[in-house]
Each structure stands twice: as structure tokens, then as C-alpha cells.
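A quick write-up on the structure given underneath.
All values below were derived from every heavy atom in this structure, side-chain atoms included, with hydrogens, water molecules and symmetry-related copies excluded. Just so it is clear, the structure is predicted and the values come from calculations on it, not from any experiment. Numbers restart at 1 for each chain; the letters A, B, ... are given by sequence-line order, proteins then strands.
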2 protein chains.
Amino acid sequence: MLSFTEENYLKALVQLTIFEEGVTEVGVNRLAEYLGVKPATVSDMVRKLKKKALVNYERYGKISLTEEGRFLGMMVIRRHRLWETFLQQKLDFSWDEVHELAEDLEHIHSKKLINRLDAFLDHPEFDPHGDAIPNREGEILIPFRRTLNDGESGKRYKIIAVKDNSSEFLKYLDKLGIAINDEATIINKESFDELITIRFNGKERVLSPKVTDYLFVICASCLKAKKCDC
Amino acid sequence: MLSFTEENYLKALVQLTIFEEGVTEVGVNRLAEYLGVKPATVSDMVRKLKKKALVNYERYGKISLTEEGRFLGMMVIRRHRLWETFLQQKLDFSWDEVHELAEDLEHIHSKKLINRLDAFLDHPEFDPHGDAIPNREGEILIPFRRTLNDGESGKRYKIIAVKDNSSEFLKYLDKLGIAINDEATIINKESFDELITIRFNGKERVLSPKVTDYLFVICASCLKAKKCDC
DNA sequence: GAATTTTGTTAGGCTAATCTAACTTTATAT
DNA sequence: ATATAAAGTTAGATTAGCCTAACAAAATTC
């Protein structure tokens, strides 16, 4: 059984290597910075995780997850995101309160508990931040999100998350009438000034990169197909 | 903020001093045995808890809880019992699976979380074992349970818990048609052979002390009044 | 009331996860 | 291609919670 701390290292490695596109390994310093500990501490812990066959690592080299390490890290994230969903949907916590509580709840290791919770919530696909919830095999079948900025003209996207949690940003979205789970079609992308025009709920809005770069989306057709072609 | 371990010491002290009738203090050896650690360990930890003003203690003396210690211990028990109730009522866990999971869940320290959970469960008074759930002030207003054996003839009692979790015992109760939350009236107590006759749900049953001594009850009238006169 | 048993304490060690400080290896840049 | 900077390692210390072994105090018993 893994300790609380070991699980946090695996979770961090998933975030830094798997959820970060194009990156499959990470250095000691980066991991230390991410976890808020000193490189010396990471150096020790990585040796320990290697002995448990959870990471690939050689002295002075880069760190990456093994199959087993990836699976266990994904399970921590699955638990985290399911608890966040529970807190929001059933206990009426707001969007920005759930993360901290889930940091503790994610370390409760009962497969049965988490699968029951999943069923109780009706097998949700996204947590309150719009992040996809890994399934019980530790996989995310849904295409990874991108920013609205990276979308293609003419395509329809579902807004599933925001990159910036500040109430300032959230209030501005409110003012624009944009909410998580809305679907919007990009009707124009102007490369010179980077303004993007979208249509959603019958409204049309011109958005600056200050907004589009902070909205995570998934293309609606891929979401339906559970497979990404774009 | 208290550690996981410190909380377990306070919880154990509540069980051993407050929930054990007539006892207000406990020795180092007893506490060590209860917690499954060595007396030397308890000796150290008690000194630490004293410095935090959570227990009363003098070298070679007995241990008791201060007001603050009692309150915090009660909060751990409140969280434990609310999570047990959640697991049984919402996630369909059985009666005997919930304890172990709640051992972990009880250490999540959010007042807001636990009060929301309480509301979500509609402010339950008993956990799945029939134990009363302390309120947010750390008090149990409901009279303490007794065994059916100690009941009085003619009085009506609610069966709220069993002392013996073995599936053998539970199956026998099933066979008798007795379930937790049933109410039963004692219609005869025979002191010679210790057999007790009860009436419940229109049925009558003669029970041996092997059963009555392992059924916890609360007198129905006191339960309504939330105050015990008997 | 002295001997024995029970109860509790102290000293010294262990492990996990952290740190600092000094050092080594690898990468970068002129 | 060597000097410097960046990245990573190692040694030694700390803290919490536990242990064992030896000892001390209190309670019990004859």
C-alpha cells in the first residue's frame, strides 16, 4: 500500500508528464518545485519509487512513470475528481471550494467505495472544473481539452473548464453570459488581432485572447464519438 | 491542527471515559491496550496532549479529558458516525463494512463539509450501528443505550444496535424476524431462567440472554422526549 | 509491613519524510 | 573547449510516532 506522500508524487508525475502535452518525462527540480519540496527530498523519494517499480529513473536522468505508476497515479486523480463532483453536486459546494477538500479525500483507498461513489453520481465524465474523470481502468477516453483559442473556425465546442479561477475572470464570464457546459460554434477567427467570434445560445460574442486562451473546450463531435479525430 | 494520531487518542479517551458508564478517567495501560500500542508510546503522547491542554494528567496518575479534549474527541466521533451513515444510506454499504472506511473519513477536518453532510443525510440521530451521533456542539442529547436485558417489563424499546457483529448472530436475528429500528415491548421478564418475552410487529418471541444481552435499546418514550427519566 | 505484582516512565533506537549544506555531474555559452 | 551555471546527489540533522529494555512507583497480598 502506498503512503499519502507516495501517492502525491505519482499524481504530480501524471500531471507533469501525461497531462502536459508533448512531455513524457520530467526533472527532479521541476517535480520538487511542483510539489513544494526541495530537490534533495525528491531525489530520495524517486529512488524509493523506482525500487517499487513505479517510475523509470537513472542517476542524473529524467523521471517517467511505469505502467503501474501511471495507473496508480490515475487512480488518485480519479478519486480526486469524483469527490470534487460529489461535493459540488450533492453537498452544494461551489466550484472553487472543492479542490482542497478533495486533496484529503483522494487518499482513501477503497476500490469499492470509489466505484460506488461513481455509480451514485451516475458515472460523471467531468469534474466541476471540467476535467475528465479517468475510468476504473485509469484511462481517459475523452479527448484532451484545448483552449478555445486553438479551436477551428466553423467547429462546435463544448466549454468544459476555465484556466483561471479568479473571481474577477468568473464574473466577467458571467457578464458575457458564458457558462461551463455551454456549447459554442466558432464563426470567425481573425488572425491579425486574434479576436474570435462565437455563437452560443442564440447570442454572438467577440472574444479577446484574454478570454479565449483561458477557456478549455472539447470539440462537440469528438465528445460524442469518445474519440478524437481533430 | 491535530494529527491523525492525536485525534485517535482523543476518540479512544471519549470511548473509554465518557461512553463507559461510571468511568471518568483511565490508566496508561488500558489506553495502550485499546489503541494497540505499547504503554511507553501512550506515556509520551499523553505528555504531548497535556501540553496542548487536551487531557488532565500527572505522572503516575490517571488520564481524563479536558473540556476542549472532550469536544474535539466528540467531533471525531461525529464525523465517523455521519460518514458511516452516508456509506450505508447513500452508497448501499452494509452495516458491517462501514466502520473501516469511516476510520479514514473521520479525519477530514472541515466543519463545513461535515455540517453539509449532516444536512444531506437529513440530520440523522443514529449511525448504522445504532450509536447516537453527537451534534455540532459535541453533545449527545439522546439517552445512552442499554441492553434489552436491562429493560423493564411493560416498557417499549427501540432496538438501535447490536453488540455482536458476527454474521452468525445477525443471521439468527434475521431468523427471529428482528431488525434494527424495530420497536418491541417487554411483556415478561423471568428472573429464574432469564428469558424475556417481547412483542413486536404483531409477533411474540421468547429470547434468551444470549440474544437480549447483545441487543442495545433505548426506551421509546425517552427517545421521543430526548431526555431520559428511566 | 515487606515482598510481589501491576502500572507507568525513561533512555535509546528505528522509519518516513522532510530539511540544509556541501559536493558532483551535466548542460550552456562564449 | 573550458568556465560557469544549472541540475542533481549525498551526508547529516530533525520530527512524529512507534518500538524494546531496563528501571521506578504504586498497589496488592500474604
Find the distance A:Glu25:CD to D:dA7:P and express it as a whole number of Å.
15 Å
For B:Tyr34 and C:dT7, give me the distance from atom OH to atom C1', rounded to whole Å.
21 Å
Using a cut-off of 4.0 Å on non-hydrogen atoms, how would the nucleic acid contact of A:Tyr9 be classed: base, sugar-phosphate, or nothing?
sugar-phosphate
Test: A:Arg81 and A:Glu106 ion pair at under 4.0 Å
no
Does a side-chain N or O of A:Arg59 approach OP1 or OP2 of C:dT26 to a distance below 4.0 Å, or not?
no
What's the CZ-P distance between B:Arg47 and C:dA11, to the nearest Å?
9 Å
Report the distance from atom NZ of A:Lys38 to atom C1' of D:dT14, rounded to the nearest whole Å.
16 Å
Would you please indicate yes or no on a ring centroid separation below 6.0 angstrom for B:Phe86 and A:Phe86?
yes
For atom OH of A:Tyr214, is the number of surrounding heavy atoms from other residues, nucleotides or ligands below 6.0 Å larger than 12?
no
How would you label the contact of B:Arg30 with the nucleic acid (heavy atoms, under 4.0 Å): base, sugar-phosphate, or nothing?
nothing
B:Tyr60 OH - D:dA26 C1' separation (whole Å)
9 Å
When the distance from CD of B:Glu58 to P of C:dT9 is rounded to whole Å, what number comes out?
11 Å
Atom CE of A:Met1 and atom P of C:dA16 are separated, to the nearest Å, by 16 Å
Considering only NZ, NE, NH1 and NH2 on the basic side and carboxylate oxygens on the acidic side, decide whether A:Lys11 and A:Glu6 come within less than 4.0 Å.
no
Listed nucleotide nearest any side-chain atom of A:Asn29, set D:dA7, C:dT9, D:dT9:
D:dA7
Charged N-O contact under 4.0 Å between A:Glu68 and A:Lys52
no
Which of these nucleotides, D:dT9, D:dT20, C:dG8, is closest to any side-chain atom of B:Ala40?
D:dT20
Taken to the nearest whole Å, CG/A:Asp44 to P/C:dT18 is 10 Å
Within the structure, does a side-chain N or O atom of B:Tyr57 lie under 4.0 Å from either OP1 or OP2 of C:dT9?
yes
Given that A:Val37 and B:Pro39 both sit by DNA chain C, which one's nearest nucleotide is further toward the 5' end?
B:Pro39
Categorize B:Thr41 for me: base, sugar-phosphate, or nothing, with a 4.0 angstrom heavy-atom threshold over every strand shown.
base
